Amino acid sequence: MTFNSTAMLVTAILVSIINAGLLCVVAYKPMQIFQQCGYKVYRYVDWMIGNRKHSFLVRLFILTFITFAGMAMLNILTYRNTDIPYLALLGLLFYLGISVLFCIIVLEKKSKIPLKYTPRIKRQYIVIFILSGFLTYLLLWLGNEIIGHWLYFSLIALTPFLLPYIIIATKYILFPIEFAIRTHFIRIARNKLHQPAYSHVVRVGITGSYGKTSCKNILARMLEEKFFKEENTQRISQVASSPASFNTPLGFAKTVNEVLLPHHKIMVFEMGLRYKRDIKILAGLFRPQHGILTAIGSQHIETMGSLEAIKAEKAELINAIPENGIAVLNGNSPRCVEVFNESNLVNKCLTKVISSPDANLPQFSTTATNISVSKDGCKFTLNLDNKSVECTSKLLGAHNIENILMCATMAYKLGVSLGQIAIAVADLKPTSHRLELVEGPTGIIILDDSYNASEQGTRAALNVLSLFDGKKVVQTPGIVEQGKQSYQTNFAYAKEIAKIADAVIVINETNKQAILDGLETENFDKEQIYTVANLDQAKELYGQLLKPGDCLLIANDLPDNFN
């Protein structure tokens, strides 16, 4: 049973193209995870082969086994029928049918963070298509010419299982191109900052284990009270800030190249940390004249190794500030105080939320006293430079007062009056998914704190939850990126939950056991503990657990690479 050479060549090319297209569809999920993992191979591999039930690699293996076995069986049967050689195509149709069904299942599953079709992703897809097509053709040739006619088309069933490795290969194939593109955009941004049109721009960097984005938004709003211009009866801000949570070198390039304009007088840039030297590299690119260090905690200890390493890297922002620059640090964070004491900067300031206005704190430049925190926001007295002003904010939680203090100190040092600061504080709006108060359609109250979770952030969220009446439900997958202390951290977190919550929804397997053990230690009612696999299953419980007036805290909604 043989095809003539022309028919076989045409068939092989068509099959290679079709299979490459199918593999690109199957690649949606692993490509989405690869993107969420920051294109880090080890994190992607951990998701692919990690100890998680129903891992994607297992599903690909099942797809490969079923289609290979079915195709081989059909080809063996048709191989004996020498009169109808094209019956071998039945095996191919079987493979294509099962693969299409698999693609439908992959695409139907909802993703928390959908794949973003950036130029980089599009380049990777092009290479995936080319590699998949070439590999398919090679396996067709092997099956037909080398191994035996009974394997007509069957070997292409191996390609889905090889897809994760194809994706990894694309990263290394495209590395020179991606490096050149990244370098190009960063060079453009650096050159732009050196241009005379932007030499007047005051640059403020913000970093910390938590509170970076909130502080960036708060500071930008305060600065806008002074730095604006009137144009056609409209008020145009002269403050530029990095969009969303863009806090990487490419985020720096995007901010400078796309956001910064000649009329801007101040630029506020958020600086993120995940690996060693991240802040040092960003400081070298941005060259901050002033900086805010919001806090130093255990966030990213998995990648950084220790709190001392995190502290040393966060301190790189303070070290990068010139002698005449302003450094503002959070006096409620012990390690920020250590950085403050170790810094030689003259114009450095600590801020602190204190309980007594009579406290002897001459070293603190800014304090908050007479604090009142409720479910409607917070009120406090801002004490700065021997002056005071009463402030009211809709932001929830005492931790936001810490953020306001740091930003108020920087804004004041840059020329914003206390009166203007108070106006801005009253106008502040919560950053999306960071203790954002949302009223659900059925009258329940939702505290959306799903963006991320640090030890300090989860504690602050629980404190806010305690202010509400009605039943209190905490939905959480736990705290991630804690490395070897992950169990201990989530065990302690669960004990804190038990003191406030009436019911708990534990999502995902990642930290489930630690949370369950912590709740059990506090004798939490087992009938009020619900374990689910994903967010969709959690939502199905809302009607059963919550009624109008009850409060749901959504804490740290894990990205898809933890599912």
Side-chain angles (χ1 to χ4, degrees), residues 12-13 15-72 92 95-96 98-103 105-107 109 111 113 115-144 146-147 151 153-179 559-563:
I13 292 174
V15 170
S16 298
I17 293 173
I18 293 171
N19 192 51
L22 278 174
L23 290 177
C24 284
V25 177
V26 175
Y28 177 89
K29 181 64 176 181
M31 285 290 283
Q32 175 206 12
I33 299 301
F34 200 35
Q35 188 177 65
Q36 290 183 25
C37 290
Y39 305 99
K40 301 294 183 183
V41 172
Y42 81 92
R43 296 181 66 200
Y44 166 73
V45 171
D46 181 60
W47 170 81
M48 188 64 66
I49 65 175
N51 294 322
R52 301 178 177 92
K53 295 180 180 179
H54 312 300
S55 72
F56 196 75
L57 197 63
V58 170
R59 282 178 276 170
L60 289 179
F61 176 79
I62 294 172
L63 172 64
T64 295
F65 178 80
I66 291 174
T67 53
F68 180 81
M71 293 175 74
L92 176 62
Y95 166 77
L96 294 177
I98 298 296
S99 297
V100 169
L101 179 62
F102 185 86
C103 290
I105 294 173
V106 168
L107 294 178
K109 185 177 180 181
S111 301
I113 307 175
L115 177 66
K116 298 176 183 177
Y117 290 95
T118 63
R120 177 172 183 169
I121 287 294
K122 292 177 182 177
R123 288 190 291 270
Q124 281 197 267
Y125 258 119
I126 291 172
V127 177
I128 289 172
F129 182 85
I130 293 171
L131 289 180
S132 299
F134 175 77
L135 180 61
T136 302
Y137 186 87
L138 178 63
L139 291 174
L140 287 173
W141 180 79
L142 285 173
N144 185 59
I146 305 298
I147 300 177
L151 277 177
F153 304 118
S154 300
L155 287 182
I156 69 170
L158 300 175
T159 54
F161 190 71
L162 297 174
L163 179 61
Y165 308 100
I166 293 174
I167 291 173
I168 292 174
T170 62
K171 173 181 176 174
Y172 294 107
I173 291 172
L174 289 171
F175 176 77
I177 296 175
E178 299 302 335
F179 180 80
D560 300 273
N561 55 308
F562 284 94
N563 293 318

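Here, residue 1 is the first one in the sequence, and each next residue gets the next number. Values below: all heavy atoms of this structure, side chains included; hydrogens, waters and symmetry mates excluded. This structure is a prediction, so every number in the text was calculated from the model and none was measured.
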_Once rounded to the nearest 0.5 Å, what's the spacing between atom OG of Ser99 and atom CD1 of Ile66?_
10.5 Å

_Minimum side-chain heavy-atom gap Gln32-Lys29 below 4.5 Å_ = yes

*State, to 0.1 Å, how close Ala20 and Gly133 come at their nearest heavy-atom pair, and which atoms those are.*
CB-N, 3.6 Å

*Out of curiosity, Leu163 CG to Leu23 CG, how far, rounded to the nearest 0.5 Å?*
5.5 Å

*Give, for atom CD1 of Ile166 and atom CD1 of Ile173, the distance between the pair rounded to the nearest 0.5 Å.*
9.5 Å

*Indicate the atoms forming the closest heavy-atom contact of Gly38 with Arg43, along with that distance.*
N-NH1, 4.4 Å

*Would you please classify the geometry between the Phe61 ring and the Phe161 ring as parallel, tilted or perpendicular, with 30° and 60° separating the classes?*
perpendicular

*Atom CZ in Phe68, atom CD1 in Ile156: separation rounded to 0.5 Å?*
11.5 Å

*asked:* As a quick check of understanding, evaluate side-chain contact (heavy atoms from CB on, under 4.5 Å) for Arg59 and Ile105, giving each step before the final call.
replied: CA-CA 11 Å; Arg59 282 178 276 170; Ile105 294 173; 6.0 Å; no

*Apply side-chain contact (heavy atoms from CB on, under 4.5 Å) to Lys116 and Ile121, showing your working.*
CA-CA 8 Å; Lys116 298 176 183 177; Ile121 287 294; over 6 Å; no

*When rounded to the nearest 0.5 angstrom, what is the spacing between CZ in Phe102 and CD1 in Ile62?*
9.0 Å

*Got Val15 and Tyr137 here, is their nearest side-chain heavy-atom distance under 4.5 Å?*
no

*Flag side-chain contact, heavy atom, 4.5 Å: Ile168 against Val45*: yes

*Nearest non-hydrogen partners of Cys103 and Leu22, listed with the distance*: SG-O, 3.8 Å

*At what distance, to the nearest 0.5 angstrom, does OG1 of Thr159 lie from CG of Asn19?*
4.0 Å

*Does Phe179 CZ have over 12 foreign heavy atoms under 6.0 Å away?*
no

*Quick one: side chain to side chain donor-acceptor pair (under 3.5 Å) partners of Tyr44, sequence neighbours excluded?*
none

*Within the distance-only criterion (no hydrogens, no angle test), does the side chain of Thr170 pair as donor or acceptor with the backbone N or O of Gln124 below 3.5 angstrom?*
no

*Specify the closest pair of heavy atoms between Leu63 and Pro160, including all atoms of both residues, with the distance to one decimal.*
CD2-CB, 3.7 Å

*Heavy atoms only: give me the nearest Leu115-Tyr28 pair and the separation to one decimal.*
N-OH, 3.3 Å

*Charged N-O contact under 4.0 Å between Glu178 and Lys171*: no

_Can you confirm whether Tyr117 is buried at OH, in the sense that more than 12 heavy atoms of other residues, nucleotides or ligands lie under 6.0 Å from that atom?_
yes

